[in-house]
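The figures that follow rest on heavy atoms only: side chains count, while hydrogens, waters and symmetry mates do not. Along the sequence shown, residues are numbered consecutively beginning with 1.
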Amino acid sequence: MKWTLLTAVFSLPLFASPAEFDCQPELERLQNLPTLPQQPKAWLQAVDSWRLPARNKLSAAYVYNDAASDPQSRQSARQCINSLSKAFEKHTNSLRSQAKALLPGASGLEARALGAWAGSTKALKSPEYRAVVDKGRKLSQRFRANIDNFEGRYPVPEGCQGKLPGKWQKSVPLRGGAVKAALNDVPPHCREALFVAYESRLSAANAPVLAALLENRQQQASLDGFKDYADRRLARTQLGSAEAVWRYLDKLSAKNRAAAEAERAALNNPPLWALESPKAEDKPASYRPQAVIDNYFAWLGKALDLRFVPIEVAHPWAKGISGYELRQGQKAIGRLYLDLYPRDGKYGHNRHRELQRGVTGVQLPASVLVMNLPEDRWHHKDLKSLMHESGHALNNLLASQPYEILAGIRLPSDLVEVPSKVLEQLAWDPAIHQAITGVREAPPEDVRQQGIALDQRILNSAMALAYHQSGAPDMEAINAKLYPKYLRQDYIKGLSPQYAFRHLASYGPAYFTYLYADAKASDISEAIAGGQLTLRRFADCMLSPGGSVPAREQLACATPVD
């Protein structure tokens with residue numbers, strides 16, 4: 001078979017009639033692995049040529065599953081995701097083995113790309129391994145679904161009605177806002193019981209699920225040759241091991257001690273149920289969405305020496321989709337699509353989805369922001385969300401590489417949030433805030449990075465890490481040890497917040513990566529705001545390289561490494 005590069009065109013997998021999402025042609029293409037060339041560069045190009053059409057279709061399926069307005073489109077997209085994912089897995093071991101065999105004869109980018117293939121963590125290894133991973137995926141989905149669908153209530157004991165409104169005299173919904181309000185209305189001697197009921201609300205539903213999930217993850221670790229799942233998961237991070245993460249959490253906790261203790265003293269050292277970090281005053285300033293969008297992409301383009309040129313979106317997955325073509329001079333380098341507002345059936349939060357990864361001379365990158373922002377007026381939190389998700393998008397859009405396995409978002413999980421956090425934190429810079437919103441009033445203070453709030457995040461990271469260092473941990477004993485150390489409060493027996501800790505099912509022992517990314521992003525955003533670093537330099541260091549440069553070198557390029 002003669003191998004040639006795909007045509008260098010910008011073809012997006014959007015469809016004139018989105019009523020049915022068909023991936024059968026791409027699925028058929030993946031069924032049989034063709035005979036590939038045995039020279040490193042030719043092998044990599046041939047693999048991309050064979051895989052990219054299906055890879056693009058799979059990315060588009062995720063967008064349709066999140067956001068298509070037609071239910072049939074969403075259903076067929078889900079079917080496409082399942083079938084294409086299994087088809088990709090079918091040949092992973094063979095491709096990994098071929099890459100390993102070619103690696104000794106490769107150098108430069110080819111060696112790095114083959115190394116990425118050879119070290120892929122997606123290899124199936126055996127039917128047993130696949131069964132364990134599939135079971136873990138289902139347990140994770142069940143854990144999160146139980147949290148999302150929970151509708152329990154707390155029966156108010158006699159004598160605890162206090163100032164509760166009439167609708168809550170008999171029972172209080174175990175939801176955050178309701179419980180927070182009720183804690184102020186019930187008598188003091190009733191508050192701890194209500195707090196415990198709220199924190200432990202998912203114990204019955206999720207205790208067996210979490211136990212099974214942790215046991216399953218320990219099986220995965222054993223099959224992969226690791227002593228526990230924490231080290232298996234953290235091997236893909238820059239810190240590299242559970243021991244290194246414990247050292248980092250201890251260092252961060254010690255650094256935060258003075259600020260946290262000052263907050264506690266200002267609150268008269270409250271009990272655990274009343275422990276809450278002071279909130280910044282909610283400033284009333286609001287912004288016009290379209291003006292903010294226009295100003296933001298004008299500011300971002302100027303900072304990056306790019307232009308965001310508005311385009312018409314042909315055959316979108318729903319009404320209201322807008323788009324930009326990114327240009328350097330007159331050259332198009334990618335496209336960004338905006339799906340910003342809520343509608344029935346749409347994914348309910350905010351996220352970035354890559355639509356295509358940029359492969360030099362083959363295809364341009366494309367990204368989608370799937371969000372649920374207000375349509376009428378925005379506040380600072382909405383601007384922050386837009387800037388955060390656009391940071392992920394830029395990491396994909398600027399990282400075109402000769403080979404797909406090096407393109408797009410390739411930072412390790414403890415750095416993958418840095419681009420988004422840098423832009424998010426710049427939303428608090430007064431000059432940048434005014435340039436984007438037109439509002440002279442400074443944004444509200446960011447209170448998440450210190451004091452009690454940071455202690456809570458360190459505690460959550462420590463709990464997630466400790467649970468995954470054993471297949472069957474005594475979580476209550478772990479909590480009793482970690483609460484005094486990191487939250488500086490005694491644990492209340494039976495509190496069991498882990499069963500409502502949604503990120504245990506997704507990030508697991510890598511939950512600390514939010515803290516680590518925040519710290520690195522703070523250094524970088526402060527340097528940008530202070531004029532010591534430009535956003536363009538940061539993008540050149542940490543966004544454009546993709547997987548072509550080791551992550552530690554990328555970080556060192558942008559900011560000193562601890």
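Residues that satisfy the ring pair (Phe, Tyr, Trp, His ring centres under 6.0 Å) test with Tyr154, not counting sequence neighbours, are absent from this structure. For Gln489, there are no side-chain hydrogen bond (donor to acceptor under 3.5 Å, both in side chains) partners, not counting sequence neighbours.
Asn65 and Arg78 form a side-chain donor-acceptor contact under 3.5 Å, judged by distance and modelled atom types alone. Side-chain polar atoms of Asn256 and Asp455 form a donor-acceptor pair below 3.5 angstrom. Looking at Ser522 and Gln425, their side chains do bring a donor and an acceptor atom within 3.5 Å of each other. Of the N and O atoms on the side chains of Gln456 and Asn460, at least one donor lies less than 3.5 Å from an acceptor on the other residue. When only modelled atom types and interatomic distance are considered, Ser390 and Tyr296 share a side-chain donor-acceptor pair under 3.5 Å. In the model, Thr92 has no side-chain atom that pairs as donor or acceptor with a side-chain atom of Arg96 under 3.5 Å. A donor atom on one side chain and an acceptor atom on the other are not found under 3.5 Å apart for Glu354 and His392. For the residue pair Asn396 and Ser367, a side-chain donor N or O sits within less than 3.5 Å of a side-chain acceptor on the partner. Side-chain contact annotation: Tyr499 with Asn146, donor-acceptor N/O pair under 3.5 Å absent. Using a 3.5 Å distance cut-off with no hydrogens or angles, the side chains of Ser496 and Glu476 do pair a donor with an acceptor. The closest side-chain donor-acceptor pair between Asn479 and Tyr491 falls under 3.5 angstrom.
You'll find the side chain of Gln72 stays beyond 4.5 Å of the side chain of Phe21, heavy atoms only. Side-chain contact between Gln469 and Trp246: present, with at least one pair of heavy atoms (C-beta onward) separated by less than 4.5 Å. At a threshold of 4.5 Å between non-hydrogen side-chain atoms, the residues Ile321 and Leu338 do not count as touching. Within the 4.5 Å cutoff, side-chain heavy atoms of Leu58 are placed close to those of Ser85. Side-chain contact between Leu214 and Pro473: present, with at least one pair of heavy atoms (C-beta onward) separated by less than 4.5 Å. Side-chain contact between Arg55 and Gln363 is absent, with no heavy-atom pair separated by less than 4.5 Å. A heavy-atom distance below 4.5 Å is found between the side chains of Leu373 and Ser385. Between Phe538 and Ser525, the closest side-chain pair of non-hydrogen atoms is not below 4.5 Å.
Residue Asp490 qualifies as open at atom CG: its count of foreign heavy atoms under 6.0 Å is 12 or below. In Arg153, the CZ atom is crowded: over 12 heavy atoms of neighbouring residues, nucleotides or ligands sit closer than 6.0 Å. For CD of Glu151, the number of neighbouring non-hydrogen atoms (other residues, nucleotides, ligands) closer than 6.0 Å is 12 at most.
For the atom pair Lys384 NZ and Trp378 CH2, the distance stands at 13.5 Å (nearest 0.5 Å). Between the CG atom of Asp414 and the CG atom of Leu234 there is a distance of 8.5 Å, given to the nearest 0.5 Å. The structure places CG of Leu423 at 10.5 Å from CD1 of Ile524, a figure rounded to the nearest 0.5 Å.
Salt bridge Lys485/Asp250: present, at least one basic N to carboxylate O contact under 4.0 Å. Taking 4.0 Å as the cut-off between side-chain N and carboxylate O, Glu263 and Arg488 do not count as a salt-bridged pair. The pair Arg502-Asp148 meets the salt-bridge criterion, since a charged nitrogen lies less than 4.0 angstrom from a carboxylate oxygen. A salt bridge links Asp518 to Arg457: one of the charged nitrogens lies within less than 4.0 Å of a carboxylate oxygen.
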- Item | Verdict with supporting geometry, Asn350 and Leu386, side-chain contact (heavy atoms from CB on, under 4.5 Å) | CA-CA 9 Å; Asn350 300 319; Leu386 175 67; over 6 Å; no
- Could you walk me through whether Ser253 and Arg257 pass side chain to side chain donor-acceptor pair (under 3.5 Å), step by step? CA-CA 6 Å; Ser253 178; Arg257 186 180 188 92; over 6 Å; no
- Steps toward side-chain contact (heavy atoms from CB on, under 4.5 Å) verdict (Leu459, Tyr483): CA-CA 7 Å; Leu459 171 68; Tyr483 265 67; 3.7 Å; yes
- Asp70 vs Tyr64, side chain to side chain donor-acceptor pair (under 3.5 Å): CA-CA, chis, key distance, verdict: CA-CA 9 Å; Asp70 178 66; Tyr64 271 68; over 6 Å; no
- Message: One pair to check against side-chain contact (heavy atoms from CB on, under 4.5 Å): Gln401 and Val359. What are the steps and the verdict?
- Response: CA-CA 5 Å; Gln401 293 293 325; Val359 181; over 6 Å; no
- Query: Going through the checks in order, is the side-chain contact (heavy atoms from CB on, under 4.5 Å) test met by Val368 and Asp66?
  - Reply: CA-CA 11 Å; Val368 183; Asp66 281 348; over 6 Å; no
- Message: What verdict does the side chain to side chain donor-acceptor pair (under 3.5 Å) test give for Gln79 and Ser76, after you've listed the backbone C-alpha separation in whole Å, the side-chain angles of each residue and the deciding distance to 0.1 Å?
- Response: CA-CA 5 Å; Gln79 294 170 348; Ser76 54; 5.8 Å; no
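Of all the heavy atoms in Phe150 and Arg201, the pair that sits closest is CE1-O, 3.4 Å. In terms of heavy-atom proximity, Arg51 sits nearest to Leu95 at CD-CD1, 4.5 Å. Trp273 approaches Leu183 most closely through the heavy-atom pair O-CD1, 4.1 Å.
Each of Tyr511, Tyr507, Tyr229 was evaluated against His468; a single residue qualifies, Tyr229, per the ring-ring contact (aromatic ring centres under 6.0 Å, His included) test.
Residue pairs meeting the salt bridge (charged side-chain N to carboxylate O under 4.0 Å, His left out) criterion with at least one member in residues 462-473: none, sequence neighbours excluded.
Judged by the 6.0 Å distance and 45° axis criteria, Arg351 is positioned over the aromatic ring of Tyr347. In this structure, Lys180 is not positioned above the aromatic face of Tyr198 in the sense of NZ or CZ being under 6.0 Å from the six-membered ring centre and within 45° of the axis.
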